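Data block below; observations after.
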Amino acid sequence: MRLSIPDMSLVVLIGASGAGKSTFARQHFAPTQVLSSDYFRGLVADDETDQAASADAFDALHYIAGKRLAAGRITVIDATNVQRNARSTLVQLAKDHNVLPVAIVLDMPEALCLERNAGRPDRDFGAHVVRRHRAELRRSLKSLQREGFRRVHVLRSVEEVAAATIEVEPLLNDKRDETGPFDVLGDVHGCRAELEELLGELGYVIERDAEQRAIGAAHPAGRRAVFVGDLVDRGPDTPGVLRLVMGMVAAGTALVVCGNHEQKLVRALRGRNVKISHGLADSLAQLSAESPEFRKQAEEFCDGLIAHYVLDGGDLVVAHAGLPERYHGRASGAVRGFALFGETTGEIDEYGLPVRYPWANDYRGKAMVLYGHTPMPEAEWVNGTMCLDTGCVFGGKLTALRYPEREVVSVQAHRVWYESSKPLRLGNEQPADTVSRREPHVLNLDDVTGHRAVETRYHGRIAVQPERAAAALEVMSRFAIDPRWLLYLPPTMAPVATSDRPDVLEHPEEAFAGYRAVGVQHVLCEEKHMGSRAVVLVCRDSSAARFGIDGSGSVHTRTGRPFFAPDQTEELLSHVRAAATSAGLWEELSTDWLLLDAELMPWSAKAGGLIVNQYASVGAAAGAALPVAFDALTAAAQRGVDVAELRDKTGARIANADAYREAYRRYCWPTDGLAGVRLAPFQVLATEGRTYHDQEHSWHLALADRLVAVDPELFTTTRRLAVDTADPTSTAAGTAWWTELTEGGGEGMVVKPAANLTKAQRGLAQPGVKVRGREYLRIIYGPDYTEPMHLDRLRQRGLGRKRGLATREYALGIEGLERVARGEPLWRVHECVFAVLALESEPVDPRL
């Protein structure tokens, strides 16, 4: 009786006390593979029978089991495991390490278990324990597979136990003995003619049937083709591609991994409820013209595809969407999910599509990883990985890589077969010789019109749609300062995740939990000033020409507009210059210019018109109308009319309107020229030849404090508090500080990774999240937003697009600053600045 178990699996022995589990384990597994609960009780308590030590014993056992599974070693758990909660922990342990859990059940007769226990002095518990074990076991037998065990073997007699043998099976993805050479082909998507052409370029001889349809291909030198998946959908001949590739697989001349489109096609062919999109309708229509037998063969073929293969002794891995090293050769739902779909950051890009996590940027594994899934204009190496999807169906190319030669072979698409919502080729892809001839300070319309793509160091390629570029061009040309001063635009900032507390929309605990979830332990909470974001560029000597322009600098808003008239700007810059001189920043930073990120207060200095025309008018209307309505309702109530509910509601609205007026008035105070204007710098963005996003926020704020010390009339400090997101005491202190700020009339705080630029588990961490107070949000959402019905509605606000914008704009800002520091031409810097402004025109809820 052969009991097959997959390689690297977690084997869970299940049976009552006395069933013979330990004996079975000794007979069939190496001593190092078996982890016994009795043995671990002895380790932690010097007594294998000490049941009081069970909790500590299992903690240690699970820890060692995790280490073995992480190393890919078969691990056997020898315990009774008759209770579901004990098994669920083990099943989860297997999932956490992406291995398959296997159950081997010894369902022995009660009398036999009692007899064996009677012969062991350490088993002096009563027969009722065995009966309870067997009762729990019987209740569990039918549910083991539902619990997550991939294989369940049940032995019901001494004879079956004696006849049992263990057979370790290689995982289906284990093709390490296949050494090639291989030709790995990218996403075909129904482009049968291009596939035949590429196979010809690679030297394959195509086999055809009597109707001249391609039904197979073989290479004279014995090479094998490996397809990265997505054979189907979108293109003109999905059946033709399947017929050819199925024939190659049947003949042993090809291997295929599953793509997300094959998985969806199978579900559709089986009548499942799937969304008919992304070219699936084309495949279904094309297959409907084929015979039922062919459709059945295609369904079974696609359904049987493996998610990834490990080839050539582990040196080559092929998966549709790529695969991090920790998943190589593993088997679990998480591994299959990543291999088919990749991973997203939770953000939405400018085309309304999920932002894919650039896992290849962090890859450092030994194996070469070849994949597809995400169309690229060209196949390029990234840390030993290559995406071979070059968008054939979108009018690009069909590409293969010869392995081990590492030679790329491509054929051009015969036409655009399917229009992509996300352009494959973008307008600024110019030959290198054209780029190199640009004059440094010449800005052309071609720089910013049409489809744009900006390559960034920390977020890869960021695209700008034509309509967004047009909107940015209007703002830039009509309202912005001289672009030679415009080196940086700040990114938008996403709010914290919406709180489920009954009385607030935003709360610090969600910020701390959010950063903790992505691996950021240390954050800095900064007071959110009641002002406007300001970028200050100040030069040490106002007479010197810098950046191709004479002058002393600029002070602009986050959309590039000037804050003040030229004479007031110069007056403000003179104060900033003097403070930097007194604080010794020019010498310390070895520079003759500073670029600062700051808040300029009061808010009314920039938004006076907005306050008068929008906020004050609402407050005035409420103040004029609601008291009159309340008095009328009071009079009606005195006459006996039942208007109590409406009267109470109107009274609440009066109180809300009063709170609303009080909230926006805090952002206004009188100014006379620059008298009354305050500046709160919180980050040094760049100086000559240097950027500072690698410096902790505490370093930046310490420099800002020195400016406050020398000119306290202009500069104001940014209060802050360091918080450890893993320490409940620390997070409680952060929450208390926020409560103190907001209850004292403050706007709230910004929570940032303490280290500044931070990579999280899925790309860049949010550069900061704002946690605004209950009363400040009254300005944003309206006087009555705190009413329960409105709060419940507002909790449905979607943050994905806003967060996507925040990280993309942040990466663009850093890219632009690094180009400034490297002394690159202005048009290269302005490419990033303009892209930030263009992204700002995307349709996102402005209240977020």
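All values derive from a computational prediction rather than experimental measurement. One-based numbering along the sequence shown.
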Asp503 side, atom CG; Leu791 side, atom CG - distance, nearest 0.5 Å: 8.0 Å
Gap separating the CD atom of Glu713 from the CG atom of Leu679, nearest 0.5 angstrom: 14.0 Å
Heavy-atom donor-acceptor pair, Asn756 side chain to Gln695 backbone, under 3.5 Å: yes
Pairing residues for Glu526 by the salt bridge (charged side-chain N to carboxylate O under 4.0 Å, His left out) criterion, not counting sequence neighbours: Lys752
Residues which pass ring pair (Phe, Tyr, Trp, His ring centres under 6.0 Å) with Tyr515, listed by chain and number, not counting sequence neighbours: none
Heavy-atom check, side chain of Ile814 versus side chain of Thr456, under 4.5 Å: no
Within residues 721-748 or reaching into it, pairs that qualify as salt bridge (Lys or Arg N to Asp or Glu O under 4.0 Å) - sequence neighbours excluded: Lys528-Glu747
side-chain hydrogen bond (donor to acceptor under 3.5 Å, both in side chains) involving Glu474 - partner list, sequence neighbours excluded: Arg478
Gap between atom CH2 of Trp586 and atom SG of Cys539 - 0.5 Å precision: 7.0 Å
Arg457 and Glu815: CA distance, side-chain angles, deciding distance, salt bridge (Lys or Arg N to Asp or Glu O under 4.0 Å) verdict: CA-CA 7 Å; Arg457 178 180 177 186; Glu815 180 66 26; over 6 Å; no
Residue list, side-chain hydrogen bond (donor to acceptor under 3.5 Å, both in side chains) with Tyr692, at least two apart or on another chain: Thr687
Qualifying residues under salt bridge (charged side-chain N to carboxylate O under 4.0 Å, His left out), relative to Glu775, sequence neighbours excluded: Arg778
Asp711: side-chain hydrogen bond (donor to acceptor under 3.5 Å, both in side chains) partners, not counting sequence neighbours: none
Arg719: partners by salt bridge (charged side-chain N to carboxylate O under 4.0 Å, His left out), with sequence neighbours left out: Glu527
With sequence neighbours excluded, residues passing side-chain contact (heavy atoms from CB on, under 4.5 Å) with Arg793: His790
Counterpart residues, salt bridge (charged side-chain N to carboxylate O under 4.0 Å, His left out), relative to Arg774 (two or more places apart): none
Set of ring pair (Phe, Tyr, Trp, His ring centres under 6.0 Å) partners for His507, sequence neighbours left out: Trp738
Under 3.5 Å: donor-acceptor pair, side chain of Arg533, backbone of Thr557: no
N/O donor-acceptor pair under 3.5 Å between Arg678 side chain and Gly676 backbone: no
Gap between atom CG of Leu757 and atom OG1 of Thr691 - 0.5 Å precision: 9.5 Å
Partner set under side-chain hydrogen bond (donor to acceptor under 3.5 Å, both in side chains) for Thr492, not counting sequence neighbours: Lys802
